[in-house]
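First up is the structure itself, then whatever we jot down about it.
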Number of protein chains: 2
Amino acid sequence: MAKNKRDIDLDVKRKELEQAAARLFMARGYDATSMGSIAKELGVTANTLYWYYASKDELLVGVLNRLLSDSLEKLPAMMELSLRDQIDWTLRELEKSRPLVNTVHGKLGESAAIRDWHDRFHSLLESAVAHTLKAKGIRGERARMLATVAIFLVEGLLAHPHTETQRDDILAWFSQNSAADPA
Amino acid sequence: MAKNKRDIDLDVKRKELEQAAARLFMARGYDATSMGSIAKELGVTANTLYWYYASKDELLVGVLNRLLSDSLEKLPAMMELSLRDQIDWTLRELEKSRPLVNTVHGKLGESAAIRDWHDRFHSLLESAVAHTLKAKGIRGERARMLATVAIFLVEGLLAHPHTETQRDDILAWFSQNSAADPA
DNA sequence: TATCACTCTTGTATGCCATTCAAGATTGAC
DNA sequence: GTCAATCTTGAATGGCATACAAGAGTGATA
């Protein structure tokens with residue numbers, strides 16, 4: 001079972017690395033965080049990181065996937081909320097990683113690895129929101145359009161500072177206007 | 001008039017530098033474009049750029065301001081369009097510089113100079129949209145909220161690939177639901 | 001015309017960074 | 001106790017933004 005033990009260690013180490021990386025990326029920003037400074041957190045050399053990840057971008061993807069899967073565990077409970085509360089929940093969840101969200105968007109043009117992750121994440125979110133809308137009786141095409149809008153609103157609120165009131169107003173307005181098409 | 005002649009040269013050179021920088025930033029991305037490669041376009045050394053700009057970020061701000069003031073010249077004509085067409089126009093105008101928009105959002109957390117520019121740009125856009133909405137008879141507070149939403153939609157469409165149909169649907173939906181409050 | 005101050009440009013250098021490579025160290029399997 | 005796979009490291013490479021001080025060009029002044 002040697003193989004197995006190694007595999008376990010691998011995941012443990014990856015987890016530690018990704019947690020350290022997440023902390024530093026969020027505190028200082030992605031570009032301002034060197035591979036060396038992440039490695040130092042665990043008392044290893046920068047080179048060591050390259051045994052676990054092919055590049056700094058891949059490490060970021062690892063961090064993102066870990067955060068995502070943590071959030072995904074709470075998804076079933078979340079799906080029982082109202083649409084409005086689902087959006088609010090998503091927003092608060094993403095706010096915990098706000099700096100990373102901006103980093104991802106900034107790197108879309110330069111890193112295929114990050115773009116891939118981003119695209120898959122978007123599909124996931126859109127599917128979830130569209131599913132809820134369809135459950136409310138909204139036809140598929142319109143549900144998808146509204147899901148896209150919902151995500152744009154989440155991203156906008158995430159990227160730009162705003163008051164609680166602003167957020168509430170926007171979410172209330174969206175909920176009200178995302179009912180079935182009056183036409 | 002020596003002073004004057006110099007000042008003119010300064011602006012000419014800045015313009016050339018900013019045009020070269022804009023081209024490279026958009027083609028290869030901000031991080032992937034070195035100061036040296038920009039300088040080489042004009043046959044000078046990287047150091048030379050530092051006489052005109054305090055840093056690479058400041059050069060980016062220069063590029064942004066130049067693009068912005070170019071667009072701003074067309075603003076009066078634009079203000080006579082319908083709200084829907086105003087948003088569409090803004091979107092198409094920003095699409096010309098799509099890579100830079102993403103760069104700016106990615107750097108918000110790390111560069112005060114860029115954050116300042118971004119905040120001022122947002123105020124400008126929001127004021128313009130809110131002004132149009134108020135002219136349609138929507139009360140101030142609601143107009144500001146809808147202006148914020150409009151900008152979030154523009155940014156969302158800008159950052160994420162989409163079809164013409166998707167865009168049309170979203171803009172149509174927004175126009176329809178940004179009328180005076182039914183309540 | 002000679003000098004001066006200001007504007008612009010460059011050569012050279014520093015320090016940081018991501019990433020590579022080859023060589024050690026560790027450890028389970030046989 | 002040897003072997004192979006799994007980790008870790010030291011040392012090096014090349015690129016980068018940026019700093020500094022020295023030079024070249026140019027208009028104004030005397």
Side-chain angles (χ1 to χ4, degrees), chain A residues 1-18 20-22 24-25 27-63 103-104 106-107 109-114, chain B residues 1-18 20-22 24-25 27-63 103-104 106-107 109-114:
Chain A
M1 303 296 112
K3 197 67 171 298
N4 219 332
K5 182 166 185 290
R6 290 293 183 132
D7 282 358
I8 288 170
D9 286 355
L10 187 84
D11 272 358
V12 168
K13 194 79 177 225
R14 266 206 237 266
K15 179 170 184 175
E16 290 171 348
L17 285 173
E18 284 159 10
L24 292 179
F25 286 163
R28 311 179 188 172
Y30 179 77
D31 284 344
T33 302
S34 71
M35 293 296 263
S37 66
I38 298 167
K40 197 182 293 179
E41 292 275 305
L42 299 201
V44 294
T45 322
N47 304 344
T48 303
L49 296 192
Y50 286 88
W51 193 87
Y52 295 93
Y53 306 94
S55 67
K56 195 182 177 185
D57 283 354
E58 296 283 358
L59 169 56
L60 175 57
V61 169
V63 167
T103 299
V104 167
K107 293 232 154 259
E110 297 173 28
S111 165
I114 292 175
Chain B
M1 300 297 113
K3 197 66 171 298
N4 219 331
K5 182 165 184 289
R6 290 293 183 133
D7 283 357
I8 289 171
D9 285 355
L10 186 84
D11 273 358
V12 169
K13 194 80 177 224
R14 266 206 237 267
K15 181 172 183 174
E16 289 171 349
L17 286 172
E18 283 159 12
L24 293 180
F25 286 163
R28 313 179 185 171
Y30 179 77
D31 285 344
T33 302
S34 70
M35 292 295 264
S37 66
I38 298 166
K40 196 182 293 180
E41 292 276 306
L42 299 201
V44 293
T45 320
N47 302 343
T48 302
L49 296 192
Y50 286 89
W51 193 86
Y52 295 94
Y53 306 94
S55 67
K56 195 181 176 185
D57 283 353
E58 297 282 358
L59 169 57
L60 175 57
V61 170
V63 168
T103 299
V104 166
K107 292 232 152 262
E110 297 173 27
S111 164
I114 292 175

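Convention: sequence-line order gives letters A, B, ...; per-chain numbering from 1. None of the values given here were measured: they were computed from a predicted structure.
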Exercise for review: Return the value, rounded to whole Å, for the distance between atom CE of B/Met35 and atom C1' of C/dG11.
Suggested key: 17 Å
**Study point:** Touch class at under 4.0 angstrom, heavy-atom based, for A/Thr33 against every strand present
**Key:** sugar-phosphate
Review point. To the nearest angstrom, how far is B/Asp31 atom CG from D/dA17 atom P?
Key: 9 Å
Check your understanding: Taking the side chain of A/Tyr52 as its heavy atoms from C-beta onward, which of D/dT8, C/dC8, C/dT19 lies nearest to it?
Key -> D/dT8
Check your understanding: Of the candidate nucleotides C/dT12, D/dC7, C/dC8, which contains the atom at the shortest distance from the side chain of B/Asn47?
Key -> C/dT12
Point to revise | Spacing between B/Lys40 atom NZ and D/dG15 atom P, to the nearest angstrom | key: 10 Å
Review point. What is the distance from OH of B/Tyr53 to C1' of D/dA17, rounded to the nearest Å?
Key: 17 Å
Review point. Under the 3.5 angstrom rule, does the side chain of A/Tyr30 hit a backbone N or O of A/Asp57 as a donor-acceptor pair?
Key: yes
Review point. Any side-chain heavy-atom pair from A/Tyr52 and A/Leu10 closer than 4.5 angstrom?
Key: yes
Review point. Are side-chain heavy atoms of A/Lys13 and A/Val44 found at a separation under 4.5 Å?
Key: yes
Exercise for review: Output the single nucleotide from C/dT19, D/dT8, C/dA18 whose closest atom is nearest the side chain of A/Ser34.
Suggested key: C/dA18
Practice item. Grab the NZ-P distance between A/Lys13 and D/dC7 for me, whole Å please. Key: 9 Å
Check your understanding: OP1, OP2 of D/dC16 versus side-chain N and O of B/Lys56: anything below 4.0 Å?
Key -> no
**Study point:** For atom CZ of A/Arg28 and atom P of C/dC17, their distance in whole Å
**Key:** 10 Å
Exercise for review: For residues A/Ser55 and A/Glu58, determine if any side-chain heavy atom of one lies less than 4.5 Å from a side-chain heavy atom of the other.
Suggested key: yes
**Study point:** Distance, rounded to the nearest Å, where A/Leu42 contributes CG and D/dT8 contributes C1'
**Key:** 13 Å
Check your understanding: Looking at A/Thr48, does any N or O in its side chain come under 4.0 Å of the phosphate oxygens OP1/OP2 on D/dC7?
Key -> no
Check your understanding: Is B/Thr45 reaching over with its side chain to a backbone N or O of B/Thr48, donor-acceptor style, under 3.5 angstrom?
Key -> no
**Study point:** Nucleotide nearest A/Tyr50 when distance is taken to its side chain, options D/dT9, D/dT8, C/dA18
**Key:** C/dA18
Exercise for review: With the side chain of A/Trp51 defined as its heavy atoms from C-beta on, choose the nearest nucleotide among C/dA18, D/dT18, D/dC7.
Suggested key: D/dC7
Check your understanding: How many Å lie between CG on A/Asp11 and C1' on D/dT6, as a whole number?
Key -> 14 Å
**Study point:** Touch class at under 4.0 angstrom, heavy-atom based, for B/Thr45 against every strand present
**Key:** sugar-phosphate
